[in-house]
Amino acid sequence: MGRGELSFERGGALSAAPLPRGFFDRPSHEVAPDLLGRVLVHGPVAVRLTEVEAYGGPGEDPAAHTYRGRTPRNAVMFGPPGHLYVYFTYGMHFCANLVCLPEGSGSAVLLRAGEVVAGVSEARARRSPGKPAASGAEPAPGDARSAGEARSAGEARSAGDARLAGDARPAGRRIADRDLARGPARLAVALGLLREHNGLDAVIDGSPAGRPHQSAAVLEGRPADPDLIRSGPRTGISTAKDTPWRFWIDGDETVSPYRAHVPRRRSAAATSVGEAPRS
DNA sequence: GGTCTGATTGACT
DNA sequence: GTCAATCAGACCC
């Protein structure tokens, strides 16, 4: 596909011009609101971003994964801007970020929600249970296979893998279009982003033909109306709660509901001796 | 090596 | 509204 306008299944005509790497070479709290309305494409699925959160660098932002410095897990965040930082959390979910600032800075923007504008059927298949498409929608050419798909049939899988393969929910319930990528983990599933996509470059340098294996890109899309951009505290974090680095498009139905951080109750197994362990 | 927490989600009451 | 699932990473001893 060339430059200019691209007509997606949903969302109308959007600019298909890729964002340059310089777009991401700015502080994450500046990049974040500018990302609203942009389109992240991975394989056959494209999502127009409607909600994001900015995270700062080491020693700067207590809520950021990089606050305590570089580790193997967060190494991608210290890499060049425009790359995807995909991490595994809660034992079952993946979340995706776009790295900001020059190499070594350690800041990124978490992609929290969006509207699926292309590849709706593929996105729904990934989010839905019991359909062959859950394993058949993936992969786009050049994409790696999901963790679940990478295993042979019948082999035991973790709940996380099962969820990724789309069979963690009772069959028969159709997911509303607005919910396909509403929430960071849902967005990652809809886009088919997994552990192996950590570090994937989302910037197209030069002609796409010169990067035949690149499967992710951020397109100009249709930037959000500045009058509709809202900001507030970030979701689900226990520190730096007052930093208003969550940005969303006001009134957009795909924006996820705000949830404050809920401290985990100590389990019975952890608080008393002799009781049954968790689960 | 042991323990705790987590940038979440879906099921359930 | 509450709660459990699930495991990797970080921290502490």
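In what follows, every chain begins at residue 1, and chains take the letters A, B, ... in the order their sequences are listed.
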(request) Look at the rings of H29(A) and W245(A) and say which category their plane angle falls in: under 30° parallel, 30 to 60° tilted, over 60° perpendicular. (result) parallel
Atom pair distance, as rounded to whole Å: [atom1] in [X] and [atom2] in [N]:
| X | N | atom1 | atom2 | value |
| --- | --- | --- | --- | --- |
| F94(A) | dA5(C) | CZ | C1' | 15 Å |
| N74(A) | dT5(B) | CG | P | 21 Å |
| R73(A) | dT5(B) | CZ | P | 15 Å |
| I175(A) | dT9(B) | CD1 | P | 12 Å |
| R126(A) | dT9(B) | CZ | C1' | 19 Å |
| N198(A) | dG9(C) | CG | P | 10 Å |
| M92(A) | dA4(C) | CE | P | 13 Å |
| Y90(A) | dC7(C) | OH | C1' | 13 Å |

(request) Would you indicate, yes or no, if dA8(C) has its OP1 or OP2 atom less than 4.0 angstrom from a side-chain nitrogen or oxygen of T89(A)? (result) no
(message) So, OP1 or OP2 of dT9(B): does either fall under 4.0 Å of a side-chain N or O from R127(A)?
(response)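 The answer is no; no side-chain N or O of R127(A) sits under 4.0 Å from OP1 or OP2.
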(request) Kindly say whether G183(A) contributes a backbone atom to a donor-acceptor pair with the side chain of S256(A) at under 3.5 angstrom? (result)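 Judged by distance alone, no pair lies under 3.5 Å.
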(message) Quick check against the 3.5 Å criterion: does E103(A) have a side-chain atom that pairs as donor or acceptor with the backbone of P81(A)?
(response) no
Answer with base, sugar-phosphate or nothing: what part of the nucleic acid does [X] contact at a heavy-atom distance below 4.0 Å?
| X | answer |
| --- | --- |
| I237(A) | sugar-phosphate |
| H65(A) | base |
| R259(A) | base |
| R234(A) | nothing |

(request) Determine which nucleotide pairs with dG2(B), using a 3.5 Å limit on both distances of a Watson-Crick or G-U wobble pair. (result)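 Paired with dG2(B), as far as the under-3.5 Å criterion goes, is dC11(C).
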(request) Return the nucleotide paired to dA11(B): Watson-Crick means purine N1 to pyrimidine N3 with N6-O4 or O6-N4, wobble means G-U with N1-O2 and O6-N3, both under 3.5 Å. (result)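 Partner of dA11(B): dT2(C).
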(message) Does the Lys NZ or Arg CZ of R26(A) fall within the cation-pi geometry relative to F23(A) - under 6.0 Å from the ring centre and within 45° of the axis?
(response) yes
(request) Establish, for the pair R234(A) and Y55(A), whether the NZ or CZ atom is under 6.0 angstrom from the six-membered ring centre and no further than 45 degrees off its axis. (result) yes
(message) Nearest heavy atom decides the nucleotide; on that basis, is V262(A) or A185(A) closer to the 5' end of DNA chain B?
(response) V262(A)
(request) Side chain of S238(A) only, please: which of dT8(B), dA10(C), dG6(B) is the nearest? (result)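 The answer is dG6(B).
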(message) Nearest to the side chain of F88(A), heavy atoms from C-beta on, is which of dC7(C), dT9(B), dA10(C)?
(response)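 That would be dC7(C).
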(request) Decide yes or no, distance alone: a donor-acceptor N/O pair under 3.5 angstrom between the base of dA7(B) and the side-chain of Y87(A). (result) yes
